[in-house]
> 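My questions all concern the structure below.
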Amino acid sequence: MKKILAIDDQQLVLLSLEKHLLDLGYDIKCASDGHTGLELFDTFKPDILIVDINMDGMSGLEVIKNIREERKSDVKILVMSGNTNEDTIIDGFDLGIDDYMKKPLSLNEISARIARIFGIKLKRVSENGSKGQMLQRHCVGVVIPCYNEETRILSKEFTDFTHSNLGYHLCFVNDGSTDNTLEVLQKLAQGREDNISVYDCAKNGGKGEAVRQGVLHLAKDPQLDYIGYLDADLSTDFKDFDDLVKTIESSKFKIVSGSRMSRMGANITKESARKIISKTINLIIRNILGMSFNDTQCGAKVMDRDIANEMFHEKFITKWLFDVEIFMKMRKFYGKEKAISYICEQPLKRWIHADGSKLSMKDSVKIVGQLAQIAYHYKFKVKSRVN
């Protein structure tokens, strides 16, 4: 039996890779850091080493250098990394790696590269059930707030997404639901605990507080590079959300926010009355922020984990307008110009209004008063913390 050692500091990656290679008949052991990996290397004596580059503590390049120069081993080494820097890749080959696999990549591509090195026949995707399963470039946590959503939760869409996108972890937050939402969510997570979890709030605190609790819960997980949130009805779908993630991965933005702007080629639908109210409210929001964002209220955003901790540390002062408060906090924390440069507003390709929204017309009227409360609180009561 061929032996494989995998070293990566992200459990979502290791668990998926381990299961896949075990199913293919390999003997595999895993380590979540370089030092532990080197200890396993000495005792396990693998035929192939798979290692990530960007790890806390000892980097993948340091592991490779140790194996080649100190241990004098000629073991086959495959790098599997989201680091696509040309100099890093060249450094890897200079140290004697045998292959460099760039994330995102499929599990079947990994097994094909391993089979090539071993000189064995590749087991086809139809035999191992892993067709379409992708390891992402980064690990992403997604908060999905739920209040009385038992009839609207699209369970198959969530399970299909986590099956195919192995770097994602979905955290459903039950916001004190009075129906069977909690039971539905627990059933959804059963047997999928590595990729789906449920955070239960005993009392209803509103969407903003539910998202805040979920974000702070996910921020404790060191493997997550980014944290975002989506609505439970998937009015913004996973394809658009994944596009937001790709933008933040390839830029210096700290927040990428979806925008429901009507444009050619996009499927954006709203109730006519809501559309008028939204435009009016957005005009007020732009004046309060002093920043020309088109749609602060879209329920699809992703941010780096450090910013998530900072923006969600303190409770929001309003029930529905926590998105506006995030932008105000960014302005207070960084100053107006830096805040604008750190936030990307990205148009969505699709956004569909779903029946059963919890926001009534009466609530819409209350929003104007809450906006005044936000303006006063963040402009006069909260001190600036410009870096």
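Residue numbers start at 1 and run along the sequence shown.
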> Nearest 0.5 Å, please: how far is CD in Gln213 from CZ in Phe312?
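Rounded to the nearest 0.5 Å, the CZ-CD separation comes out at 11.5 Å.
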> For Phe241 and Phe161, I'd like to know if the aromatic rings sit close, meaning centre-to-centre distance below 6.0 Å.
no
> Please name all residues satisfying side chain to side chain contact (heavy atoms under 4.5 Å, CB included) with Ser197, sequence neighbours left out, ordered by chain then number.
His169, Cys171
> Which pair of heavy atoms, one from Asp8 and one from Leu14, lies closest together, and at what distance?
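Heavy-atom minimum between the residues: O-CD1, 3.1 Å.
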> Nearest heavy-atom pair of Ile4 and Phe44: which atoms, and what distance?
O-CE2, 3.4 Å
> Just how far is it from atom CD of Gln223 to atom CG of Leu12, taken to the nearest 0.5 Å?
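So the gap between those two atoms works out to 4.0 Å.
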> Using every non-hydrogen atom in the two residues, find where Gly60 and Val51 come nearest and quote the distance to one decimal.
CA-CG2, 3.9 Å
> Going through the checks in order, is the side chain to side chain contact (heavy atoms under 4.5 Å, CB included) test met by Lys76 and Ile114?
CA-CA 10 Å; Lys76 299 295 184 181; Ile114 292 172; over 6 Å; no
> From Cys146 SG over to Ile153 CD1, what is the distance, rounded to the nearest 0.5 angstrom?
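Here the rounded value is 4.5 Å.
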> Keeping Lys338 on the side-chain end and Gly335 on the backbone end, is there a donor-acceptor pair under 3.5 Å?
no
> Judged by atom type as modelled, is there a donor-acceptor pair below 3.5 Å linking the side chain of Ser177 to the main-chain atoms of Asn148?
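It does hold such a pair.
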> Strictly below 4.0 Å, N to O, side chains only: are Arg137 and Asp225 in salt-bridge contact?
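No, no charged N to carboxylate O under 4.0 Å.
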> When you measure from the side chain of Arg305 to the backbone N and O of Tyr226, does any donor-acceptor pair fall under 3.5 Å?
no
> Between Glu325 and Tyr378, do the side chains contain a donor N or O and an acceptor N or O under 3.5 Å apart?
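Distance-only check passes for Tyr378 and Glu325.
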> Verify whether one side chain among Tyr147 and Asn174 offers a donor that lies under 3.5 Å from an acceptor in the other.
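No, Asn174 and Tyr147 have no side-chain donor paired with an acceptor closer than 3.5 Å.
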> Looking only at the side chains, is there a donor atom on one of Asp179 and Thr181 sitting less than 3.5 Å from an acceptor on the other?
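Checked: Asp179/Thr181 side chains pair up, N/O donor to acceptor below 3.5 Å.
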> May I ask you to check whether over 12 heavy atoms, not counting those of Gln373, lie within 6.0 Å of atom CD?
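For Gln373, atom CD is crowded (more than 12 foreign heavy atoms under 6.0 Å).
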> Without hydrogens or angle criteria, can the side chains of Tyr342 and Asp304 be said to hold a donor-acceptor pair below 3.5 Å?
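Per modelled atom types, Tyr342 and Asp304 side chains form no pair under 3.5 Å.
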> Is a salt bridge present between Lys246 and Glu249, judged by a nitrogen-to-oxygen distance below 4.0 Å?
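No, this pair does not count.
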> Centres of the Phe158 and Phe172 rings: under 6.0 Å?
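Yes, they do, as the ring centres are separated by less than 6.0 Å.
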> Does Arg68 come within less than 4.0 Å of Asp98, counting only side-chain N to carboxylate O?
yes
> Minimum heavy-atom separation for Asp295 and Glu345, please, with both atom names.
N-OE2, 2.6 Å
> Side chains of Gln190 and Gln186: any donor to acceptor distance under 3.5 Å?
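Result is no, nothing qualifies.
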> After noting the C-alpha distance and the side-chain angles of Asp42 and Arg71, does the key distance pass the salt bridge (charged side-chain N to carboxylate O under 4.0 Å, His left out) rule?
CA-CA 9 Å; Asp42 293 332; Arg71 284 168 167 76; 2.9 Å; yes
> Under the 3.5 angstrom rule, does the side chain of Arg286 hit a backbone N or O of Asn294 as a donor-acceptor pair?
no
> Check whether any side-chain heavy atom of Leu105 lies under 4.5 Å from a side-chain heavy atom of Met80, and answer yes or no.
yes
> Using only atom types and a distance under 3.5 Å, with no angle test, would you say the side chain of Asn204 pairs donor to acceptor with the backbone of Asp175?
yes
> Decide, yes or no, whether a salt bridge links Arg152 with Glu149 under the criterion of side-chain N to carboxylate O below 4.0 Å.
yes
> Could you check Asp94, Asp91, Leu95 and say which one makes a side-chain contact (heavy atoms from CB on, under 4.5 Å) with Ile64?
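Only one of Asp94, Asp91, Leu95 forms a side-chain contact (heavy atoms from CB on, under 4.5 Å) with Ile64, namely Leu95.
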> Just by modelled atom types, is the Ser164 backbone N or O under 3.5 Å from a matching donor or acceptor in the Gln133 side chain?
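Between the backbone of Ser164 and the side chain of Gln133 there is no qualifying donor-acceptor contact (under 3.5 Å).
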> What is the distance from atom CE of Met328 to atom CE of Met291, rounded to the nearest 0.5 Å?
7.5 Å
> Would you say that more than 12 heavy atoms from the other residues, nucleotides or ligands in this model lie under 6.0 Å from the NZ of Lys103, or not?
yes
> With sequence neighbours left out, what residues match Thr36 under side chain to side chain donor-acceptor pair (under 3.5 Å)?
Asp33
> I'd like to know if Lys3 pairs up with Asp47 as an ion pair, taking the criterion as any Lys NZ or Arg NE/NH1/NH2 lying under 4.0 Å from an Asp or Glu carboxylate oxygen.
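Result for this pair is no, no salt bridge flagged.
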> Would Phe41 and Ile7 satisfy side chain to side chain contact (heavy atoms under 4.5 Å, CB included), going step by step from the backbone distance to the final call?
CA-CA 10 Å; Phe41 182 85; Ile7 307 174; over 6 Å; no
> What is the distance from atom NZ of Lys187 to atom CZ of Arg192, rounded to the nearest 0.5 Å?
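Here the interatomic distance stands at 10.0 Å.
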> Which pair of non-hydrogen atoms, one from Met311 and one from Ile326, has the smallest distance, and what is that distance?
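Smallest heavy-atom distance, with atoms named: SD-O, 3.8 Å.
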> First locate atom CD1 of Ile117, then atom CD1 of Ile48, and finally report the distance between them rounded to the nearest 0.5 Å.
4.5 Å
> Between Val256 and Met303, does a side chain to side chain contact (heavy atoms under 4.5 Å, CB included) hold up when you go through it step by step?
CA-CA 6 Å; Val256 179; Met303 60 198 73; over 6 Å; no
